[in-house]
Amino acid sequence: DLLNVANMMYANFYVNGLQFLVCMLLIYSLGKFTHLPAEKLQFDKKNASRLMMLFGGICKQGPWLFRLLHFLQGILIFGSWLMMVLGYCR
C-alpha cells in the first residue's frame, strides 16, 4: 500500500518538474515579448522570425499546458491522499 502511495508521489514529482519547465519557458518567452517595439508585434511574414513565431506560440498555448499540468497535479495529490486515508482506515 505504501509503495502505491510512493509511486503516486513520484508521478507528482515528475508532473511538478514538467510544470516547472513549462513555467520557465513561458517566463522566458513573455520576457522576450516585453522588450519588443510595437511595430515588431504586428503580424508580418517578412519581419517575423521563426524564433519570434515560436515564442508567440508558446505565449499563446503555454498557459493551457500549465493549467493542464496543474490540474493533473491536483488529481495526483487527491489520489495519494485518498490512498493514504483508505489505507489508514482499514
Side-chain angles (χ1 to χ4, degrees):
D1 289 336
L2 271 172
L3 184 62
N4 291 334
V5 173
N7 287 337
M8 198 73 113
M9 288 299 161
Y10 288 138
N12 193 13
F13 172 75
Y14 291 125
V15 168
N16 196 11
L18 281 173
Q19 193 174 10
F20 172 77
L21 289 175
V22 167
C23 186
M24 288 297 124
L25 190 59
L26 192 59
I27 288 171
Y28 183 75
S29 297
L30 287 172
K32 286 290 186 182
F33 273 107
T34 56
H35 300 298
L36 282 178
E39 330 46 84
K40 288 266 191 177
L41 292 175
Q42 300 299 325
F43 188 73
D44 185 13
K45 290 282 189 187
K46 294 179 226 166
N47 293 334
S49 67
R50 286 188 178 150
L51 189 60
M52 280 299 127
M53 291 178 73
L54 176 69
F55 287 150
I58 291 171
C59 288
K60 191 166 188 132
Q61 303 301 328
W64 289 106
L65 182 59
F66 186 75
R67 288 181 191 123
L68 178 69
L69 289 171
H70 201 72
F71 181 71
L72 182 62
Q73 188 177 22
I75 289 173
L76 287 171
I77 289 174
F78 178 73
S80 62
W81 173 80
L82 193 62
M83 288 169 66
M84 285 188 280
V85 166
L86 291 176
Y88 180 74
C89 294
R90 253 199 259 166

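Position 1 is the first residue of the sequence; numbering continues from there.
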Looking at Ser80 and Met9, what are the two nearest heavy atoms and their distance? OG-CE, 3.2 Å
Listed by chain and number, what are the side-chain contact (heavy atoms from CB on, under 4.5 Å) partners of Phe78, not counting sequence neighbours? Trp81, Leu82
Quick one: CD1 on Ile75 to CE on Met8, what's the gap to the nearest 0.5 Å? 10.0 Å
What pairs with Leu21 under side-chain contact (heavy atoms from CB on, under 4.5 Å), at least two apart in sequence or on another chain? none
Donor-acceptor contacts under 3.5 Å from residues 62-74 side chains, at least two apart:
from: His70; atom 1: ND1; to: Gln19; atom 2: NE2; distance (Å): 2.7
from: Gln73; atom 1: NE2; to: Asn12; atom 2: OD1; distance (Å): 3.4

With the side chain counted from C-beta on, respond yes when Asn16 and Phe13 share a heavy-atom pair under 4.5 Å apart, and no when they do not. no
Could you list the donor-acceptor pairs under 3.5 angstrom formed by side chains in residues 24-32, with sequence neighbours left out?
from: Ser29; atom 1: OG; to: Leu25; atom 2: O; distance (Å): 3.0

